[in-house]
Engineer: 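Can you keep this structure in mind? I'll have questions shortly.
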There are 2 protein chains.
Amino acid sequence: MQNITDIIEAYLKQILHDEKKIEIKRQEIAERFDCVPSQINYVINTRFTIEKGYFVESKRGGGGYIRIQKIVILDSHDLLDEISRWVGNDLTEQAAEDYLVRLINEQLLTRREAILIQSLLQKESLPMALEDQRRMRAHLMQTVLQTIKRL
Amino acid sequence: MQNITDIIEAYLKQILHDEKKIEIKRQEIAERFDCVPSQINYVINTRFTIEKGYFVESKRGGGGYIRIQKIVILDSHDLLDEISRWVGNDLTEQAAEDYLVRLINEQLLTRREAILIQSLLQKESLPMALEDQRRMRAHLMQTVLQTIKRL
DNA sequence: CAAACAATAGTCAAAGATGGTCAGAGAGGT
DNA sequence: ACCTCTCTGACCATCTTTGACTATTGTTTG
């Protein structure tokens, strides 16, 4: 990681870690890192793409800028809240499995992650009366749903 | 062991003995051992294969690199059984976290997986009396340890 | 207000910096 | 001699850096 691109990428992402949106002046950044201005375009085109979850806007001319924002995928968030509502405080093993498959399909979980979670939600892992088991399973699933949002 | 291949292999493995992952510059290593760059590829292709338990990544261009990691294979079951024995049927939140970090370091879990599991083992997720909580946490951890074996 | 000028950012192709491949030469052992 | 493992170098692929030229927007001037 000694190439300028990675250094600038890290610098910008570090700021984006705190601020959820940054606005830079191409020339300023180029000067700060002692590189040509178009280097900044390269960094943005290769490291802050839409596929990587970033939205970039810019303006030329006096008072120009480049603005970078991390995209918040509302759909996923909504889906998680929706599932959370459906789950409530009662969840059967089968329903849990169905939700996990849905989360894999939505690419919010990997297959491995889902397997791990499922193993913890199966009845063998919840040594208690049936009703308590379902309440407990629902509670754990709620935790999972909230945790996914922060991953 | 007088041929360059073996010497370079030994050099890299000696570093891998301490660091669990190394990142080299092909050209640098070639210069250090006074051989052509492609010699390094030969060493990697014959001594650091996936069958021998190594995972290699690389990048070309400016700031390029070759990264070598030792991956865990069979021995992992022993570690899992060992942790299982340590856990027994009582586990505090802190101890759980420590074990998860260990599992991450041993590359048996990803960071995301560990975060998901940890969220399920924290006290907020286990609404019950403290003693029951610790017993329950231990029980869930045992499930995780067994599940990892078949991931 | 239109034209010129200033201040920015964008594009793109060439040069630079690495690593990868592969076929053939070289070396060591049986 | 023959076979296998090593070593080498020419050529290839990919990523980064640079700079000349272009496009857009804001500001000043006639």
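All figures in this text were calculated on a predicted structure; none of them were measured in a lab. The sequence lines fix the lettering, A, B, ..., with proteins before strands; numbering per chain opens at 1.
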Engineer: Over how many whole Å does the gap from N3(A) atom CG to dT18(D) atom C1' extend?
Structural biologist: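 Result: 15 Å.
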Engineer: Using side chain to side chain donor-acceptor pair (under 3.5 Å) as the criterion, list what pairs up with E31(B), not counting sequence neighbours.
Structural biologist: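 For E31(B) the side chain to side chain donor-acceptor pair (under 3.5 Å) partners, ignoring immediate neighbours, are Q27(B).
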Engineer: Sequence neighbours excluded and cut-off under 3.5 Å, please list the side-chain donor-acceptor pairs for residues 56-65 of chain A, or say none.
Structural biologist:
| residue | atom | partner | partner atom | Å |
| --- | --- | --- | --- | --- |
| E57(A) | OE1 | R67(A) | NH1 | 3.2 |
| Y65(A) | OH | R67(A) | NH2 | 3.4 |

Engineer: Which letter, B, S or -, goes with each nucleotide of nucleotides 16-30 of chain C from 5' to 3', with contact meaning a protein heavy atom under 4.0 Å?
Structural biologist: -BBBBB---------
Engineer: Given dT16(D), dC7(D), dG19(D), identify the nucleotide with an atom nearest to the side chain of V36(A).
Structural biologist: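 Selected nucleotide: dG19(D).
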Engineer: Parallel, tilted or perpendicular: which fits the ring planes of W86(A) and Y99(A), with parallel below 30° and perpendicular above 60°?
Structural biologist: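 Plane angle under 30°, so parallel.
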Engineer: Check side chain to side chain donor-acceptor pair (under 3.5 Å) between K21(A) and all other residues, then give those that pass, not counting sequence neighbours.
Structural biologist: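 Side chain to side chain donor-acceptor pair (under 3.5 Å) check on K21(A) returns nothing, list empty.
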Engineer: Taking CD from Q39(A) and C1' from dA20(D), how many angstroms apart are they, rounded to a whole number?
Structural biologist: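 Taking atom C1' of dA20(D) as the reference, CD of Q39(A) is at 16 Å.
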Engineer: Identify whether any heavy atom of I4(A) sits under 4.0 Å from a base atom; if not, whether one sits that close to sugar-phosphate; answer base, sugar-phosphate or nothing.
Structural biologist: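 The answer is sugar-phosphate, as I4(A) gets under 4.0 Å only of primed atoms, P, OP1 or OP2.
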Engineer: Taking atom P of dT16(D) as reference, at what distance in whole Å does atom CG of D6(A) sit?
Structural biologist: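 It is 6 Å, rounded to the nearest whole Å.
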Engineer: Could you pull out all residues at least two apart from Q133(A) that satisfy side-chain contact (heavy atoms from CB on, under 4.5 Å)?
Structural biologist: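 In terms of side-chain contact (heavy atoms from CB on, under 4.5 Å), with neighbours along the sequence ignored, Q133(A) is linked to K123(A), L126(A), M128(A), L130(A), R137(A).
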Engineer: Can you check the I40(A) CD1 to dT16(D) P distance for me, whole Å?
Structural biologist: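 Value for this atom pair: 14 Å.
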Engineer: For N89(A), give me all partners under side chain to side chain donor-acceptor pair (under 3.5 Å), at least two apart in sequence or on another chain.
Structural biologist: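 For N89(A), no residue satisfies side chain to side chain donor-acceptor pair (under 3.5 Å) once neighbours in sequence are set aside.
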Engineer: On DNA chain D, does the nearest nucleotide to V43(B) precede the nearest nucleotide to D34(A) from the 5' side, or the other way round? Give the residue.
Structural biologist: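 Whichever sits nearer the 5' end wins; that is V43(B).
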Engineer: What's R47(B) touching, base or sugar-phosphate or nothing? Going by heavy atoms closer than 4.0 Å.
Structural biologist: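 Counting heavy atoms under 4.0 Å across all strands, the contact made by R47(B) is with sugar-phosphate only.
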Engineer: Return the value, rounded to whole Å, for the distance between atom CD1 of I7(A) and atom P of dT16(D).
Structural biologist: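 My rounded result for the distance is 12 Å.
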Engineer: What is the distance, to the nearest angstrom, from the OH atom on Y42(B) to the P atom on dC5(D)?
Structural biologist: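 Going from Y42(B) (OH) to dC5(D) (P), I get 7 Å.
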